Amino acid sequence: MTATISAPAMVELNYRKVIARALADELATDPMVVFLGEDVGAAGGAFKSTEGLKERFGDRVRDTPISEQAIVGTAVGAALMGLRPVAEIMFADFAGVCFDQLVNTLAKYRYTSGGQARVPVTVRMANGAGAGFGPQHSQPAENWFLNIPGLKIVVPATVADMYGLLRSAIRDDDPVLVFEHKNLFAIKGRVPAEPDDAFLVPIGVADVVRGGDDVTIVATQQMRHRALEAADQLASQGVTAEVIDPRTLVPFDLDTVVTSLRKTSRLVVVQEGPPDGGWGATLIASISSRYFELLDAPPTLVASDPTPVPYATPMEDAWLPDAARITAAVSQLIRY
Amino acid sequence: MTATISAPAMVELNYRKVIARALADELATDPMVVFLGEDVGAAGGAFKSTEGLKERFGDRVRDTPISEQAIVGTAVGAALMGLRPVAEIMFADFAGVCFDQLVNTLAKYRYTSGGQARVPVTVRMANGAGAGFGPQHSQPAENWFLNIPGLKIVVPATVADMYGLLRSAIRDDDPVLVFEHKNLFAIKGRVPAEPDDAFLVPIGVADVVRGGDDVTIVATQQMRHRALEAADQLASQGVTAEVIDPRTLVPFDLDTVVTSLRKTSRLVVVQEGPPDGGWGATLIASISSRYFELLDAPPTLVASDPTPVPYATPMEDAWLPDAARITAAVSQLIRY
Amino acid sequence: MTAVQNAIVTQDRLLDMQRRMHEIRLFEETVMGWFSRALVRGSTHLYQGQEAVAVGVTSALRHGDTTTCTYRGHGTVLAQGAPLDRSFAEILGKANGLCGGKGGSMHLTDFSVGALGSFAIVGAHLPISVGAGWAAQLLGTGAVSATFFGDGAANIGTFHEALNLAGVWKLPVLFVIENNLYGEYSPITATTANPNLVERAASYGMPGVRIDGNDVVAVFEAAAAAVDRARAGDGPTLLEAMTYRHSGHSRSDPAKYRPAGELEEWLARDPLVVAERRLRDMGVGQDELDQLRADATARVSDAAERAMSWPDPKPEDRLDDVWVNR
Amino acid sequence: MTAVQNAIVTQDRLLDMQRRMHEIRLFEETVMGWFSRALVRGSTHLYQGQEAVAVGVTSALRHGDTTTCTYRGHGTVLAQGAPLDRSFAEILGKANGLCGGKGGSMHLTDFSVGALGSFAIVGAHLPISVGAGWAAQLLGTGAVSATFFGDGAANIGTFHEALNLAGVWKLPVLFVIENNLYGEYSPITATTANPNLVERAASYGMPGVRIDGNDVVAVFEAAAAAVDRARAGDGPTLLEAMTYRHSGHSRSDPAKYRPAGELEEWLARDPLVVAERRLRDMGVGQDELDQLRADATARVSDAAERAMSWPDPKPEDRLDDVWVNR
Ligand SMILES: Cc1ncc(C[n+]2csc(CCOP(=O)(O)OP(=O)(O)O)c2C)c(N)n1
Ligand SMILES: Cc1ncc(C[n+]2csc(CCOP(=O)(O)OP(=O)(O)O)c2C)c(N)n1
Ligand SMILES: [Mg+2]
Ligand SMILES: [Mg+2]
């Protein structure tokens, strides 16, 4: 990576704090970037992931009423006039409240206007389960948007990807939904001390996180970390797993998965969230229909249960796929 | 079917009119059934599919303001108090406006309350493309709800299924979304002249519409009819296709598809709507992962393009899979 | 300019407004004819009877200002200056319709004249104009955005969220209720707890003005005052224009639900008649008025013919315009 | 009963209200302690300081009436009579918590006392109470439904849709704004064009009453009048109860955004203090008041201990309660 060649000074930040850092870098780089949401300014965000922005960028960072439909619609309208708005929806579950604005207005504006509109809106949302927030504050909502053409979807799992993908999202001329996983807020990582475009992560490019020959495991966000745990356990059993983090769900980097399958011939997809209608099933369907001959064994989906996210720890823990379930699925494939 | 044994008098109705008939039969059978929506009463519905109900059932049928969130929420609240509400969302696209009420309130109420709540709400929506209504009035929205446990989803393709499934939906103690395809309003069919429970169609049971040995084609709503066209064309080429209409997407009758595949070993799924995140990909993933050994050829998805629904006829026609595309997909599988 | 200066309606200005009202009226009658001849699919929602609202408000706007409107938006987009032929072409689903045939009757959009779009989801566009207003405030362009919507739309959530946000941020937005007394078929009193919609302005800390929506001069004057207020940084205004649609809600609606005589009453106050009376009072002769209508008729029918002659989009065009880059 | 009769607050009635306010206060303090000791995950939103609103309003309800409330709903559900131990247990995620541990702190629900639920999505519950009111109207049960929500929630779309629908259908619903001056951290004036929320009632054709939300008697009297109105078929009422939350928005909030002295001012008008003063004026002795608090303390700590001792749900329990039948 060119960045390491030029060896810039690096700093360690956690996933929560790098969000504010990425926003600050884009706000500083492009005067047309603006940011709005509930309590994102004066209070620094419900998750304290936007601290300091209001003080530094003034009116370009605005606290809104509790009006998600107005937040998204206002971002769209501002984008039409040349701004590059970032809208925060505090929890991804609240995307339900402004779903029409996201899927019928934001996603379709360019198409419906026959290409007249450019809607460079970034929508950030805190995503996912595992923190005990209960059924209406824990959903991995990225799966709600797969069937809606017009929205790019990024799901960063590391500090570097959060930094690089959020900045790329803001620079993208199409609408991008950025899902920030609540259960990853505390993980640490390194980013350049000074804004550095070499650390932008391109939208639509998967990351081969770990090389392996026996099986391809595809996983995002907290499942990526659990897949790596599983890969360690499998290694001790002599099974080498290649772990791929797509990082972007739309557009999906199928080539990287296919390249890996040419080697492993075995696919396990690990998805947080109910199995039906998700990106995991979509990936398995794409591979099965277009690369059938590559598969020596059934492509396997390790997903959450077809239930809402339960509150109590023992139930929520069981709802989320863990390394043990991933390892078991792989072992079964190897035996197939 | 017992109905044919007792040979009741039958009448011919179209898909549009049988909706009012099914609603009337349930309103007449159960005094707790109520019906609300925009212009459903005095005006008889935007599609004239609810004519006569207001006159006959009075206050149990109510016209609402243009307030979809209030419509769904009011239905839920009324259900909690023992009523059995049917709510109409005029076009399925408008589900975006009340998505939160549908996915966070309606779908999760029973779970979040630990089983205290019973929410027998039926939500009816006019669905799908092909009538020139443009990008925001033509979406096959059934695919928006697959990843949301707690909602049953029915997609009737015939007059008899519309009648039998809508009545079953209203009697069901769980929330049911009923998608009424706009492009099928004019098709005709026969239903009993008098209310007759023998004509209820159970939720979760697929219909083998046409028998065949060479390939299994699974399709819903207007795609079911195009699949049958394709099956005719294929027959003339000596290929016999088994056509299955799941009729219900959640819960999905996988067994009927599997039984067919044991015979045909080839699967083609025809889905109206973009390919990603849909029921088609979900079905292909379920079969590939759980019944891999049944497949002699790649399971194939014939779907719409990954774009919004265009307005102009030449573009909308091309967007929708037709018999020719289905036939081509099958022929390719047969050659595989 | 102050509201007062701004609001002086000279004879030329009124003649120009009347010209545009004629064009809109004839445009809609042409579209109506096409639908009855099944030359257009889907649904359409016509503007006859409401012309004074779009023409009066947009006449108070200047270059750089923007509008959003509804599926009943042909009149608004034309009033802002969208070409007749390409507007017709979009409704016919032609390749060089305003939206390349992708949007259709409910989505006429022409960025080149500031028409940010017609929306098919009730209420969805109000926040869009709020966003345009926010951009104007941040960039200091002095631009004003006007959003048109119906009486029925005033009961959907986005109305509430948009007006409160514009109010608390003091954005340069005109919220224009086209109160034609009905939603699709339901009279406003059946769906609205307090049908006096203009009173809602108080909830959002903005002035509310109810006006005769069939008198283009009254509409213009009220809009001009609201525009001045917005440009001066004093925030949004709610305008409630009382008007009436001459035809049913959409082509499939015979409008049987109207009380007898209601339509006739409103026809007597047809915005074209009201404006013509004003012009006569200003001393404009009948022949000039007839000439005005004749010219409009010619322009509209030429445009219609041109649009009809244009080619359909190619099937593969459907794959364009989803993404800027991918 | 008429509002007047209904609203007579006897000494016994006020003692009972004070008892419940004490229980809620102690319940919340216990939960606060658990969170600081990390015995509970996720988020919690406490009700200290607002007790008079829930207790005053629910005291005006009768068996068969219902409530919905927010994630800050422990007080409302307890005020309606939900058991202390099973409420604690739900927050602890125990198997026999009110919701079997599936909902948690933000979802306390007890149908047996008419508590239809606590909602974690701002504004989502208002239409639910409207629906309960519609059912009461259709079935002629005479039941009233009360829905509690915050000042910030008054800016979301469902507020508008719910109040308009209840207003036009004249439904027996009490809309109770718990105006504690802040959303999460934003003061109402930063988010609300007209912070005088009670004035919004006019838009929905219903009366609006602003009350001292820290005086349980004032709350009760206003609620009783609104309940009578609703039972008489005269429709909904908007109550704006001015109150204050003693702690931050949620456990993670130190509430640094508050102006100096604001909390102290409100602590001086703590609902428990206000009610105690009233009781003293009625001639209740200090020892009786102390005894009341002591008894409440005992009941709450017993319930807490009991709840703590109860078993966790089994992992496989997560698969239940999605469907009635499948
Ligand atoms: C969210 C949503 N709900 C319902 C509809 C269907 N619909 C289209 S127009 C209309 C009536 C709108 O009435 P009004 O706002 O008064 O506008 P008008 O048509 O009278 O100009 C309805 C209900 C829609 N397009 N969007
Ligand atoms: C639709 C939605 N948007 C945002 C949130 C996050 N949120 C939870 S509480 C809250 C503040 C609510 O303020 P208010 O209505 O005044 O109630 P209070 O917390 O003061 O009692 C917000 C923004 C949410 N839960 N739901
Ligand atoms: Mg109207
Ligand atoms: Mg508050």
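All heavy atoms count here, side chains included; hydrogens, waters and symmetry mates do not. The chains referred to below are lettered A, B, ... by the order of the sequence lines, with proteins before strands, and numbering in each begins at 1. All of these numbers come straight from a predicted model, not from anything done at the bench.
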Fill in the blank from the handout: Cut-off 4.5 Å, heavy atoms of chain A, and the answer for D:D312 is side chain
Problem - Contact origin within A:D305 toward chain D - heavy atom pairs under 4.5 Å - result: side chain
Handout entry: A:M315 to D:P313 - nearest heavy-atom pair and separation
Key = CE-CG, 3.8 Å
Fill in the blank from the handout: dist D:Y71:OH -> A:H137:NE2 (nearest 0.5 Å) comes out at 9.0 Å
Problem - Contacting moiety of A:A46, where chain D heavy atoms sit under 4.5 Å - result: both
Exercise for the section: Would you confirm whether A:D63, through its side chain, and D:T191, through its main-chain N or O, come within 3.5 Å as a donor-acceptor pair? Expected result: no
Fill in the blank from the handout: Heavy-atom closest pair (D:G42 atom, A:F133 atom, distance to 0.1 Å) is C-CE2, 4.0 Å
Fill in the blank from the handout: dist A:I66:CD1 -> D:F159:CZ (nearest 0.5 Å) comes out at 12.5 Å
Exercise for the section: Sort A:A42 into side chain, backbone, both or neither according to what part of it lies under 4.5 angstrom from a heavy atom of chain D. Expected result: neither
Practice task
Supply the atom-to-atom distance D:I156 CD1 to A:E68 CD, rounded to the nearest 0.5 angstrom.
Solution key: 4.5 Å
Exercise for the section: Return the minimal non-hydrogen interatomic distance between D:G93 and A:A312, and the atom names on each side. Expected result: O-CB, 3.4 Å
Practice task
Specify which of A:P308, A:G134, A:P135, A:A70 makes the most heavy-atom pairs with chain D at under 4.5 Å.
Solution key: A:P135
Handout entry: Spacing of NE2 belonging to D:H160 relative to OG belonging to A:S67, to within rounding of 0.5 Å
Key = 12.0 Å
Exercise for the section: Answer with side chain, backbone, both or neither: which region of D:A153 has an atom nearer than 4.5 Å to a non-hydrogen atom of chain A? Expected result: backbone
Handout entry: Nearest non-hydrogen partners of A:A318 and D:P315, listed with the distance
Key = CB-CB, 3.8 Å
Practice task
Give a yes or no on whether the backbone of A:G130 and the side-chain of D:R41 come within a donor-acceptor separation of less than 3.5 Å.
Solution key: yes
Practice task
Please look at D:K314 and chain A and tell me whether the side chain, the backbone, both or neither of the residue comes under 4.5 angstrom of a heavy atom of that chain.
Solution key: backbone
Problem - Crowding at CD, D:E316 (>12 non-hydrogen neighbours, <6.0 Å) - result: yes
Completion exercise
Output for pair (D:I91 CD1, A:Y311 OH), nearest 0.5 Å, gives 7.0 Å
Practice task
Pick one of side chain, backbone, both or neither for A:E38, based on which atoms fall under 4.5 Å of a heavy atom in chain D.
Solution key: neither
Exercise for the section: Go through the atoms of A:T307 and report whether side chain, backbone, both or neither lie under 4.5 Å from a heavy atom of chain D. Expected result: both
